[in-house]
Amino acid sequence: MPGEVIRSGIVEVVRDHLAGEVDDNPDAFAFTTESGRPIWRGNLNKLISWKANVARIGQPDLHFHDLRHAGNTLAARTGASTRDLMARMGHDSTQAALIYQHATAEADRTIAQALHEAVRADQKKAKKTTGGGKDKGGKKAGGKKGKKRSADQDEAHGEQG
């Protein structure tokens, strides 16, 4: 799956960065300026040439904060509970957590497919319970309508023509 390739690629890049650029000190920052100072909100966009880079990938209107929304939407798709997502994002309320969870077309298709399968299963169960519209002999019920009986059939039922 493309998402797995992207995630494994990101993990590889971060692992390499940590091994080559970050001190072994557990309190060390993972990402810093070239001088080793912490990155803060005010210097991030300039430091990483955000506008130029998002324009280069064809997403000039992408804001850095949009990545937080995307990350939490992806995390929600793993089946994590709202409480788990709240802890991950540092939210104190479910209302704040829900702001970062966006409906996706993929989730809509998954829900629709699950509902379709549930209805189908229910229909099959109903057919089995009612015999599927067949009589005890396995023939469709109501089979007499529009059919003429032969003399042999009449005789078998004790009727005379």
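Values below: every heavy atom of this structure, side chains too, minus hydrogens, waters and symmetry copies.
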Legend entry - Hydrophobic cluster membership, Leu44 vs Val54, 4.5 Å side-chain cutoff: yes
Legend entry - Sequence neighbours excluded - salt bridge (Lys or Arg N to Asp or Glu O under 4.0 Å) pairs with any residue from residues 77-105: Arg77-Glu106
Listed pairs under 3.5 Å, donor-acceptor, residues 56-66 side chains, sequence neighbours left out:
residue: Arg56; atom: NH2; partner: Asn53; partner atom: OD1; Å: 3.1
residue: His65; atom: NE2; partner: Tyr100; partner atom: OH; Å: 2.9
residue: Asp66; atom: OD2; partner: His63; partner atom: N; Å: 2.8

Legend entry - With sequence neighbours excluded, residues passing side-chain contact (heavy atoms from CB on, under 4.5 Å) with Thr33: Ser35, Arg37, Ile39, Asn43, Leu47
Inset, instruction - For residues 115-126, pull every pair meeting side chain to side chain donor-acceptor pair (under 3.5 Å), keeping only residues two or more places apart or in separate chains. - result: Gln113-Glu117
Inset, instruction - May I ask whether Leu74 and Leu67 are part of the same hydrophobic cluster, defined by side-chain heavy atoms of I, L, V, M, F, W, Y residues being less than 4.5 angstrom apart, directly or through others? - result: no
Legend entry - Pair Leu85-His91, side-chain contact (heavy atoms from CB on, under 4.5 Å): steps then yes or no: CA-CA 8 Å; Leu85 296 170; His91 293 142; over 6 Å; no
Ignoring hydrogens and angles, write down the donor-acceptor pairs under 3.5 Å from the side chains of residues 17-28, residues two or more places apart or on other chains.
residue: His17; atom: NE2; partner: Ala30; partner atom: O; Å: 2.6
residue: Asn25; atom: OD1; partner: Asp27; partner atom: N; Å: 2.8

Legend entry - Short side-chain to backbone donor-acceptor contact, Ser49 and Ala52, under 3.5 Å: no
Legend entry - Asp16 CG to Glu12 CD distance, which is reported to the nearest 0.5 Å: 6.5 Å
Inset, instruction - Quick one: closest heavy-atom pair of Ala80 and Ala75, and the distance? - result: CB-O, 3.9 Å
Inset, instruction - Share the residues that join Met86 in a hydrophobic cluster, the rule being Ile, Leu, Val, Met, Phe, Trp or Tyr side chains under 4.5 Å apart at the heavy-atom level. - result: none
